[in-house]
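Counting starts at 1 for both ligands and their atoms, following the listed order. This is a predicted model, so every value here is computed, not measured.
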Amino acid sequence: MLNKFIKLVEVGPRDGLQNEKSTVSAADKIILIDLLSETGFSLLEATSFVSPKWVPQLADASDVMAGITRADNVRYIALTPNMQGFERACAAGVDEIAVFAAASETFSQKNINCSIEESLNRFIPVIDAAKAEGIAVRGYISTVVHCPYESAIAPEAVLPIAEQLLEMGCYEISLGDTTGQGTPQTVAALLSHLTKALPPALLAGHFHDTNHQAVANVMTSIDFGLRCFDSAVSGLGGCPYAPGAKGNLSTRAVAEALHKEGWQTGLDMDKLALAEAHITSLNLLQTRSS
Ligand code: HMG
Ligand code: MG
């Protein structure tokens, strides 16, 4: 049974709401996270402790973390780009943090205002501090197949960053197709290269669904041995520093496709519907993937 299990990491409250043009109150974020906590996810990305000047939508990260009802079987993760973010996340009592690098120099500059090398150096003290506090660290790499500024990204650009993040102490690398331009062909080329050097159990897929290729990209990744994927309730998502990036892979779409293929996700689809209904009631402005 275990080898037919796929772990879905819900990232909607962070990756969805970071890009939302409407104002979503902390109270509504808390309701959403509490509903998702009942749905069966073991890891839930709740928010980001980034600069509020860069992402005002998540300026309320500490209030949101303080307001949610922690479910015993759920670990709550948040993005932390630097020590300042780590200290805020720690004070808010997150279970895990995520650091985020990019495979494209231009995207790195646009998203976190530093080069790839500078970002990795910046993560060293963050990861060391997390280790000292017993907080697990997940690593993201954005723009793994396509960059909104540099176009195609070669698999050779991704591998050394993944290796360095793992070496520094990340337990897993989530591979971000930030703009959703990936296809089963480009994803296969990437994973063919990465899995020659890294066990697939250390890799996860984070596919935006701009061109409705995300489910196909998950299925391709499964063929390469990946068993963990990020998805977002109602397909929320995008990155404010990636023009054209639309929603994440919808949690319902991927779960239903996986269940059809005989995979288990542990998700309660009726409970997921309650979280989806809450999103719908908010009348958000951004375009979501269906
Ligand atoms: P910077 O401007 O170079 O930073 O930004 P700084 O250190 O010069 O600080 C500037 C101001 O921000 C200062 O305030 C700091 O205190 C404050 P001031 O003195 O001017 O009043 N500041 C902070 N405040 C609170 N928390 C913090 C923090 N850090 C600085 N942690 C920085 C550098 C990294 C901070 C900035 O670029 C940033 O926050 N970027 C985050 C952008 C972001 O969140 N992007 C979306 C997430 S990544 C993504 O979506 C992709 C992903 O989904 C995967 C995929 O799809 O590919 C993960
Ligand atoms: Mg993303």
Seminar exercise, completed: Going by the 4.0 angstrom heavy-atom rule, the piece of Asp15 near ligand 1 is side chain
Exercise. Can you list the ligand 1 atoms lying under 4.0 Å from a non-hydrogen atom of Phe100?
Worked result: 47 (C), 48 (S)
Problem set entry | Per-atom contacts, ligand 1 versus Asn82 - under 4.0 Å to a heavy atom | 27 (C), 28 (C), 29 (N), 30 (C), 31 (N), 35 (C)
Problem set entry | Ligand-residue contact atoms, ligand 1 with Asn113, heavy atoms, under 4.0 Å | 1 (P), 2 (O), 3 (O)
For this session: First locate atom CD of Gln84, then atom OG of Ser51, and finally report the distance between them rounded to the nearest 0.5 Å.
Result: 7.5 Å
Exercise. Would you say ligand 1 has an N or O under 3.5 Å from any N or O of His208?
Worked result: yes
Exercise. So does Lys110 have more than 12 non-hydrogen atoms from other groups sitting under 6.0 Å from NZ?
Worked result: no
Exercise. Out of Phe207, Trp54, Phe86, whose heavy atom is nearest to atom 37 (O) of ligand 1?
Worked result: Trp54
Problem set entry | Within-cut-off N or O pair, Gly85 and ligand 1, under 3.5 Å | yes
Exercise. Backbone, side chain, both or neither: what part of Pro81 comes under 4.0 angstrom of ligand 1, heavy atoms only?
Worked result: side chain
Exercise. Is the count of non-hydrogen atoms from other residues, nucleotides or ligands lying under 6.0 Å from Glu156 atom CD greater than 12?
Worked result: yes
Problem set entry | Option with minimal heavy-atom separation from atom 51 (C) of ligand 1, where the choices are Gly176, Gly180, Ser142, Ser119 | Ser142
For this session: Could you check Thr186, Thr143, Asn211, Thr210 and say which one makes a side chain to side chain donor-acceptor pair (under 3.5 Å) with Gln181?
Result: Asn211
Exercise. Can you tell which part of Arg14 has a heavy atom less than 4.0 Å from ligand 1: side chain, backbone, both or neither?
Worked result: side chain
Exercise. How does Asn111 reach ligand 1, if at all, at less than 4.0 Å between non-hydrogen atoms: by side chain, backbone, both, or neither?
Worked result: both
Exercise. Given atoms NE2 of His208 and OD2 of Asp15, what angle do they subtend at the Mg ion (ligand 2), to the nearest 10 degrees?
Worked result: 100°
For this session: Would you confirm whether Asp128, through its side chain, and Ala132, through its main-chain N or O, come within 3.5 Å as a donor-acceptor pair?
Result: no
Problem set entry | Worked check of side chain to side chain contact (heavy atoms under 4.5 Å, CB included) between Asn248 and Leu236 | CA-CA 6 Å; Asn248 271 91; Leu236 285 171; over 6 Å; no
Exercise. Counting only heavy atoms not in Glu150, do more than 12 sit closer than 6.0 Å to its CD atom?
Worked result: yes
Exercise. Out of Ile112, Asn248, Val50, who gets a non-hydrogen atom closest to atom 27 (C) of ligand 1?
Worked result: Val50
Exercise. Counting N and O atoms only, with roles assigned by atom type, does the side chain of Glu10 sit under 3.5 Å from a partner on the main chain of Leu36, one being a donor and the other an acceptor?
Worked result: no
Exercise. So is Arg14 actually on top of Tyr140's ring, under 6.0 Å and inside 45° of the axis?
Worked result: yes
Problem set entry | Test of proximity, Arg122 against ligand 1: N or O pairs below 3.5 Å | no
Exercise. Backbone N or O of Gly235 within a donor-acceptor pair of the Asp209 side chain at under 3.5 Å?
Worked result: no
Exercise. With a 4.0 Å cut-off on heavy atoms, is Pro52 touching ligand 1?
Worked result: yes
Seminar exercise, completed: atom 21 (O) of ligand 1: of Arg88, Lys53, Gln84, Gln57, the nearest heavy atom sits on Lys53
Exercise. Heavy-atom contacts under 4.0 Å between Val55 and ligand 1: side chain, backbone, both, or neither?
Worked result: side chain
Exercise. Is the closest N or O pair between Ser51 and ligand 1 shorter than 3.5 Å?
Worked result: yes
For this session: Drop me the distance from Phe5's CZ to Lys7's NZ, to the nearest 0.5 angstrom.
Result: 8.5 Å
